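The block underneath contains the structure these notes are about, expressed in structure tokens.
Remember, predicted model here, so these are calculated numbers, not experimental data. Residue numbering restarts at 1 for every chain, and letters A, B, ... go by the order of the sequence lines.
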Protein chains: 2
Amino acid sequence: MKMSNTQQRRVILEELRKLDTHPTADELYDLVRQRLPQISLGTVYRNLELLSATSQILKLQLTGTQKRFDGNTALHYHRRCPCCGRVSDLKGEEMAEVERVLNELLRKTGCRSYTLELCGVCPACRKQQSSSRENPENINNPKSHQENKNDGIERQ
Amino acid sequence: MKMSNTQQRRVILEELRKLDTHPTADELYDLVRQRLPQISLGTVYRNLELLSATSQILKLQLTGTQKRFDGNTALHYHRRCPCCGRVSDLKGEEMAEVERVLNELLRKTGCRSYTLELCGVCPACRKQQSSSRENPENINNPKSHQENKNDGIERQ
DNA sequence: CCAAAATTGATAATGATTATTAATTCTAAT
DNA sequence: ATTAGAATTAATAATCATTATCAATTTTGG
Ligand SMILES: [Mn+2]
Ligand SMILES: [Mn+2]
Ligand SMILES: [Zn+2]
Ligand SMILES: [Zn+2]
């Protein structure tokens, strides 16, 4: 069961690593197809599974129906934007804050690990929001911003 | 669109409220069928959807493939046990700790809300574990305890 | 009781993911 | 470079959870 180095696997990994958007398997399939037009969706799924099983990528089980994948294997956390639906990485000080606060929580509860998904306006939407003076309570009524990529996710 | 009071809906809600196990739709279906043998799975799904849309129950999107439902609508948090796979509520001091620590996190990150799933040994497994002196690092190798209800969930 | 509205059980359809398989590609050893 | 065996692929079928459809039944408010 030695992992061989196929063109398909290489391209899938390369394309995923170019992104910071946490694509679903079919989103990545569309990108990979631009370089390998005859690749099949099954191959993308199979390789994403293999790559995450060997810790070369992350498989994210965020809320919503589809799995998402991440070429960045460093420990980090994610925020889903209620405006555009995008999943973005927490950066710098925000990251450190999660670490600090959640480690404290693990210690006090005796738990081993956690899965955390924050919900907050992403940097891209923050800009627009401040200029367009929008109703801040349309959290459950997305589809407001231009490049709205929100899928039909219902949050708890 | 007034919600009528059907026997099916009443039984579904009653049975769900008896539990603290966060069943999936089909698990609840099996229970409800003991009282209403001719009910269909579609009816269970339809009512769970309606009941959660009207805030009479909670729909949980925990890791794993299936949705889970909760008759307890009070604000509270969940822990998945790496030994038995069960989802249990955090209680008392643990609850308060999550509140405190995560509110701090929201304030510092400017996020609106969060979805948190802790992973930690549940009270039931804790008892067994202390007596049976088991390898504490079989986190990714469940199927160790007797009443093992672990589904095939892969954690991040 | 009665008409309109809501719901049900049965079943089909959907969407995401996984399994199957014959054909192709990779690999490592000659 | 050749070659046998292992790994992988594209195509496709199958699976699993969930949602949609719809004629028949139940509930509701008058
Ligand atoms: Mn990421
Ligand atoms: Mn609960
Ligand atoms: Zn956004
Ligand atoms: Zn347990």
Which listed nucleotide (C:dT17, C:dG9, D:dT19) is nearest to the side chain of A:L41? C:dT17

Let me know which of B:R68, B:H78, B:R86 forms a side-chain hydrogen bond (donor to acceptor under 3.5 Å, both in side chains) with B:H22. B:H78

Would you classify A:D26 as touching base, sugar-phosphate or nothing, given that sugar-phosphate means primed atoms plus P, OP1 and OP2, and contacts are heavy atoms under 4.0 Å? nothing

Salt-bridge test for A:E49 and A:K59: reply yes if a basic N is under 4.0 Å from a carboxylate O, no otherwise. yes

Given D:dA10, D:dT19, D:dA7, which nucleotide is nearest the side-chain atoms of A:S4? D:dA7

When rounded to whole Å, the CZ to C1' distance for the pair A:R33 and D:dA11 reads 14 Å

Side chain of B:I39 - closest among C:dT8, C:dG9, C:dA28: C:dG9

Once you apply a heavy-atom cut-off of 4.0 Å, does B:R46 come out as touching a base, just sugar-phosphate, or nothing? base

Backbone of B:I39 reached by a side-chain donor or acceptor of B:T43 within 3.5 Å: no

Using the closest heavy atom to pick a nucleotide of DNA chain C for each, name whichever of A:A25 or B:N47 lands nearer the 5' end. B:N47

Ignoring the backbone of A:E49, work out which of D:dA10, C:dT18, C:dT8 is nearest its side chain. C:dT18

Please tell me which of the listed nucleotides, C:dT7, D:dT9, D:dT19, lies nearest to the side chain of B:K67? D:dT19

Basic-acidic side-chain contact under 4.0 Å: B:E14, B:R35: yes

Measure CG/B:L36 against P/C:dA10 and give the value in whole Å, please. 13 Å

Any salt bridge linking B:K91 with B:E94? Criterion: basic side-chain nitrogen under 4.0 Å from a carboxylate oxygen. no

Can a side chain N or O of A:Y45 be found less than 4.0 Å away from OP1 or OP2 on C:dT18? no

Atom-pair distance (CZ on B:R68; P on D:dA17), nearest Å: 11 Å

Kindly say if B:S40 contacts the phosphate of C:dA10, meaning a side-chain N or O under 4.0 Å from OP1 or OP2. no

Using a heavy-atom cut-off of 4.0 Å across all strands, would you classify B:T6 as base, sugar-phosphate, or nothing? sugar-phosphate

Quick one: B:D30 CG to D:dA17 P, roughly how many Å, whole number? 12 Å

Output, in order, the C-alpha distance, side-chain angles, deciding distance and verdict of side-chain contact (heavy atoms from CB on, under 4.5 Å) for B:L50 and B:R9. CA-CA 9 Å; B:L50 260 164; B:R9 183 133 61 223; 3.4 Å; yes

Gap between atoms CD and P, on B:Q66 and D:dT15 respectively (whole Å): 17 Å

Expressed in angstrom and rounded to an integer, what is the separation of A:M3 atom CE from D:dT8 atom P? 7 Å

Phosphate OP1/OP2 of D:dT9 contacted by A:Q38 side-chain N/O (<4.0 Å): no

Of B:Q7 and B:G42, the one whose closest nucleotide on DNA chain D sits nearer the 5' end is B:G42

Would one find a side-chain N or O of A:Q8 under 4.0 angstrom from OP1 or OP2 of D:dA10? yes

Report yes if a side-chain nitrogen or oxygen of A:N5 is closer than 4.0 Å to either non-bridging phosphate oxygen (OP1 or OP2) of D:dA7; otherwise report no. no

Nearest whole angstrom, please: distance from the C1' of D:dT18 to the CG of B:L28. 15 Å

What integer distance in Å separates B:L62:CG from D:dA17:P? 16 Å

